[in-house]
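Below you'll find the structure, written out as structure tokens, and then a few comments.
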Amino acid sequence: MTVLVTGGAGYVGSHTALALHEAGHDIVLVDNFANSSPMAVDATRALAKPEVARLDFVEVDLCDAEALANVFKKYRLSAVIHFAAHKAVADSVNEPVRYYQNNLGSLLNLLEVMVEFGVGILVYSSSCMVYGQPLALPVTELAPLKPANPYGRTKLMCEQVIADVCAVQPLAAICLRYFNPVGAHPSGCLGEDPNQTSNNLLPLVLQVASGRREKVLVFGDDYDTADGSGVRDYVHVVDLAEAHVLALDRLAAGYQDAISVNVGSGFGTSVFELIDVAERVCGVPISFEVCGRRSGDIAKTWAATDLAAEFLGWRAKRDVNDMVADHWRWHSRNPDGYVA
Ligand SMILES: NC(=O)c1ccc[n+]([C@@H]2O[C@H](COP(=O)([O-])OP(=O)(O)OC[C@H]3O[C@@H](n4cnc5c(N)ncnc54)[C@H](O)[C@@H]3O)[C@@H](O)[C@H]2O)c1
């Protein structure tokens, strides 16, 4: 297949592009580098084998409908994996219009052009944020959908738009609801390097391990969890990339509808547990300071993974030690991210 990967220079997009390439698919990456750099494309290409399949890149803002249509005119696409979006929760609270414009606008343009060019397969990057505060654990796909911030609402609205289009057009879609992607490609050459400040825990912990940050701030140690700190479901980015390849296979095999599927490890890891693992993997003590809870944070969440196993044949293979070790290798070799 020739697969369009939007947001293909980003963290999950670049790892998925490589996994698709390794599965033999030709790929066209598009990105506007709003939160990434051309060096991520170079790094993906450096790990690819040109004799296996094609890996092209086109710089496009998905909010520019004409530029996007030109990509569809140039390539005979069979499927799309749509990663391109803004994803910082705090920014989405402060700049909701920019978030709705980008995340919804890019999807609407994409769906319009997919229908026009008869491309009927879509895998969409959704998020566990669509659930908001879960009422029961593990969170199943049937849990109430109550996103707690504009970013989460853009993800839910996009899922709803996709389902509406699938109902009336020859389009089938799988929306993958990621839990917390971490880790990096085991080569240490491909990883997470956002332009925007990231508040993700593991990169901050590893910055302390490498001496680039003084301490980790732990937001609350009085939650209703075993050690009082917040608990999240971390999933290795390479496992997540493989889930996309399987989703594409499932759609290519003839699935006709729209469905949402959790992609998580199914295990909860607390902030203190993650710091412990990082201390062991990195071999250095990691200073932290407990401060007050952050407004909007939830105590604990982890995914029910039965649907991913039954519907996609996917389960996470890599554990938290692998996630931290691979992320640490990336961080140690590239402390400033991708550098020219
Ligand atoms: N990483 C996470 O924690 C996480 C969790 C759940 C869901 N997701 C979703 O997964 C997807 C990928 O996340 P990521 O972590 O790789 O983020 P990322 O920011 O690294 O990648 C997104 C890419 O999309 C690009 N982009 C944004 N708007 C664009 C536009 N209008 N036109 C073209 N390119 C555009 C950015 O430049 C970036 O390269 C996003 O949709 C995100 O909402 C991420």
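Start at 1 with the first residue, then count along the sequence. Since this is a predicted model, take the numbers as computed values, not measurements. First listed ligand is number 1; within each ligand, the first listed atom is number 1.
- At a 3.5 angstrom cut-off on N or O pairs, Val12 counts as close to ligand 1.
- Put simply, the side chain of Asn35 gets close to the backbone of Gln196: a donor and an acceptor are under 3.5 Å apart.
- Residue-ligand proximity: Pro194 is placed with every non-hydrogen atom at 4.0 Å or more from ligand 1.
- Checking Leu29, Asn103, Asn32 against atom 34 (N) of ligand 1, the nearest heavy atom belongs to Asn32.
- Residue Ala85 holds the heavy atom nearest to atom 27 (C) of ligand 1 of all those in Ala85, Ala88, Gly10, Cys158.
- The single protein non-hydrogen atom nearest to atom 19 (O) of ligand 1 is Asn35 ND2, 2.7 Å, given as residue, atom name and distance.
- Contact between Val284 and Ala209 at its shortest, heavy atoms only, is CG2-O, 3.7 Å.
- Ring orientation note: the planes of Tyr151 and Tyr99 are nearly perpendicular, at an angle over 60° on the 30°/60° scale.
- Of the protein's non-hydrogen atoms, Leu62 N, 2.9 Å is the one closest to atom 32 (N) of ligand 1.
- For atom 11 (C) of ligand 1, the nearest protein heavy atom (residue, atom name, distance) is Phe83 O, 3.3 Å.
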Side chain to side chain donor-acceptor pair (under 3.5 Å) assessment of Tyr11 paired with Asn200:
CA-CA 13 Å; Tyr11 175 43; Asn200 289 350; over 6 Å; no
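- A tilted orientation is assigned to the rings of His15 and His185, their planes being inclined by 30° to 60°.
- Residue contact annotation: Asn102 has a non-hydrogen atom under 4.0 Å from ligand 1.
- No donor-acceptor pair under 3.5 Å is formed between the side chain of Asn32 and the backbone N or O of Leu62.
- Here the straight-line distance linking atom CE of Met39 with atom CG of Asn334 works out to 10.5 Å at 0.5 Å rounding.
- Scanning the protein heavy atoms around atom 3 (O) of ligand 1, the nearest turns out to be Pro181 CD, 3.3 Å.
- Nearest to atom 8 (N) of ligand 1 by heavy-atom distance, out of Tyr11, Tyr151, Phe179, Tyr124, is Tyr151.
- Nearest residue to atom 14 (P) of ligand 1 from Lys155, His15, Lys87 is Lys87 (criterion: closest heavy atom).
- Between Tyr178 and ligand 1, not a single N/O pair is under 3.5 Å apart.
- Although no hydrogens or angles enter the test, the distance criterion places a donor-acceptor pair under 3.5 Å between the side chain of Asn195 and the main chain of Ser36.
- Residue Asp61 has at least one heavy-atom neighbour below 4.0 Å for each of these atoms of ligand 1: 30 (C), 31 (N), 32 (N).
- For Tyr223 and Phe272, the ring centers sit 6.0 Å or farther from each other.
- Distance from atom 37 (O) of ligand 1 to its nearest protein heavy atom, with residue and atom name: Asp31 OD1, 2.7 Å.
- Taking all atoms of both residues into account, the shortest heavy-atom contact from Leu206 to Ala278 is CD2-CB, 4.4 Å.
- Close approach to Phe33 involves these atoms of ligand 1, each under 4.0 Å from a residue heavy atom: 37 (O).
- The residue among Gly8, Ser125, Ser126, Cys128 with a heavy atom at the shortest distance from atom 7 (C) of ligand 1 is Ser126.
- Note: no N/O pair closer than 3.5 Å links Ala84 and ligand 1 by distance alone.
- Inclusion of Val30 in the set of residues having an N or O under 3.5 Å from an N or O of ligand 1 is not warranted.
- Applying the 4.0 Å criterion to heavy atoms of Ala34 picks out, from ligand 1, the atoms 37 (O).
- Counting the atoms of ligand 1 from 1 in the order shown, those under 4.0 Å from a heavy atom of Val60 are 32 (N), 33 (C).
- Smallest separation of non-hydrogen atoms from Asp233 and Ala303: OD2-N, 3.0 Å.
- Without hydrogens or angle criteria, Lys155 side chain to Ser125 main chain gives a donor-acceptor distance under 3.5 Å.
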